[in-house]
Asker: 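I have a structure here, written as structure tokens, and I will follow up with some questions on it.
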There are 2 protein chains.
Amino acid sequence: MTASTGTRHDGDSIHRALREDILSGASRSGEAMREVTLAERFGVSRTPVRQALGRLEQERLLERGARGLFVKRVDAREVVQVYDIRIMLEAECASQAALSRDSSDIARLQGLLERDQSLTDPSDRERTVNNLEFHSAIGVAAHNPVLTDLLQRLSSHLIHTPRSTLSVGNRWAEALQEHASILAAISDRDGIRASSLARRHMERAREIRLDLIRAEFSQPS
Amino acid sequence: MTASTGTRHDGDSIHRALREDILSGASRSGEAMREVTLAERFGVSRTPVRQALGRLEQERLLERGARGLFVKRVDAREVVQVYDIRIMLEAECASQAALSRDSSDIARLQGLLERDQSLTDPSDRERTVNNLEFHSAIGVAAHNPVLTDLLQRLSSHLIHTPRSTLSVGNRWAEALQEHASILAAISDRDGIRASSLARRHMERAREIRLDLIRAEFSQPS
DNA sequence: CACGCATTTAGTGGATACACTAAAGCCGAT
DNA sequence: ATCGGCTTTAGTGTATCCACTAAATGCGTG
């Protein structure tokens, strides 16, 4: 459960907080999001909560059920659909990043990568957040707000699945290697290579995600 | 100006109405969207208007300026970015439609196409709407809500440019031909062909759009 | 005449009160 | 015990009021 007391909350911060709750799994799939309950929890009126919920609904993190809004349930089919699109867009994004990057973009990516490499046994949450940050930084390097925006949206579609793919076996180390090679390609301004590396990186993530889903179905919670 | 009196308006209908205003060009680029003004126009309080404006902001049809929300100004760079992504996604969408379509999808597309072919000298608005409907029907045929949703969002990013590309020269007739061939490929379950036809269709649209933009810059309003 | 400062004001953000709707509980009849 | 209809109630949708902020405006001064 995310903090409630101590900080003053406005619509925007509530949006972020709830988003964080959903993505981190603190709010379980299918759970109801009631305006009054949340308003009490954040110590505000229903108005800003409503604004936040509206946004989350448009981001497809919530769905409207019989009685108000609920945390969206993910189904395997949709997860695959999201990954398929993400594969295309991440590849395109990496390509554009290779062509449009400036030196500060490279520095930022380098910094993130080194930080990740220096972590010893990071938590699942940490891995997820850092991974998101790296991909987001590639988005920045592409200097294409439209594409970046779309990817951001798609990423959050997935993350509220039970566990990230980055805690499976040695996937985290593997992913960092892949990040390193993508970064190298971007740094070399080699759009083709960046694109195909990014594509393979995401395809790999999709495979692992599918394994996770299959495992979840045979051994339900 | 879209209707104000006569019909009762709730948040949702206001959202649609304003959206329509923006996409049709009734609300000019850069124009202010004031809560009180709109509330008066629709004969409701500020509350539902605020909800509608919030949604439109998230759809990137409005942007937050110094003094509230304004109809977003399109810049050439962004238009190209949107088209580039649309090209990819429409191609993928056509491909998936070819693989996933059922007979009712084909019937629907056929119906829309024949309707469009039977029109004599349709208005610019009519062309835009009908074109959107056809593309949207391809989305339905793909049976991929994630992809369809994304495309829907992207389409509306563009349409509030001054004029559609479908009123340039004989582009409308040309577009219908292209629609016909895409439909044929989808009907044949030929994903590869559908994809490349859709890609070319959108690339053509992008070229024309670029011409329009260049023309607009040399002869501003 | 231009510049800086105080004042006004246009406009949004949040709180609260009221209206409406439909699901859930309840009770009696068969 | 079960079904039909009534009542309750949980929950959202809208209206209105107050609070706050920052752009515009006007006024005095150099």
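Lettering follows sequence order; numbering is per chain, from 1.
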Asker: In this structure, is the centre-to-centre distance between the rings of His15(A) and His9(A) below 6.0 Å?
Answerer: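 No; His15(A) has its ring centre 6.0 Å or more from that of His9(A).
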Asker: Looking at Arg46(A) and Glu40(A), is any side-chain nitrogen of the basic one under 4.0 Å from a carboxylate oxygen of the acidic one?
Answerer: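 Salt bridge between Glu40(A) and Arg46(A), a charged N being under 4.0 Å from a carboxylate O: no.
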Asker: Classify the angle between the aromatic ring planes of His179(B) and Phe134(B) as parallel (below 30°), tilted (30 to 60°) or perpendicular (above 60°).
Answerer: parallel
Asker: Take atom CZ of Phe42(A) and atom P of dG14(C), then tell me their distance rounded to the nearest Å.
Answerer: 13 Å
Asker: Each nucleotide in nucleotides 10-20 of chain D should get exactly one letter: B, S or -. Can you fill that in based on protein heavy atoms under 4.0 Å?
Answerer: BSBBBBBB---
Asker: What's the separation between atom CD1 in Ile138(B) and atom CZ in Arg101(B), rounded to the nearest 0.5 Å?
Answerer: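 The distance works out to 13.0 Å.
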Asker: Verify whether one side chain among Gln96(B) and His143(B) offers a donor that lies under 3.5 Å from an acceptor in the other.
Answerer: no
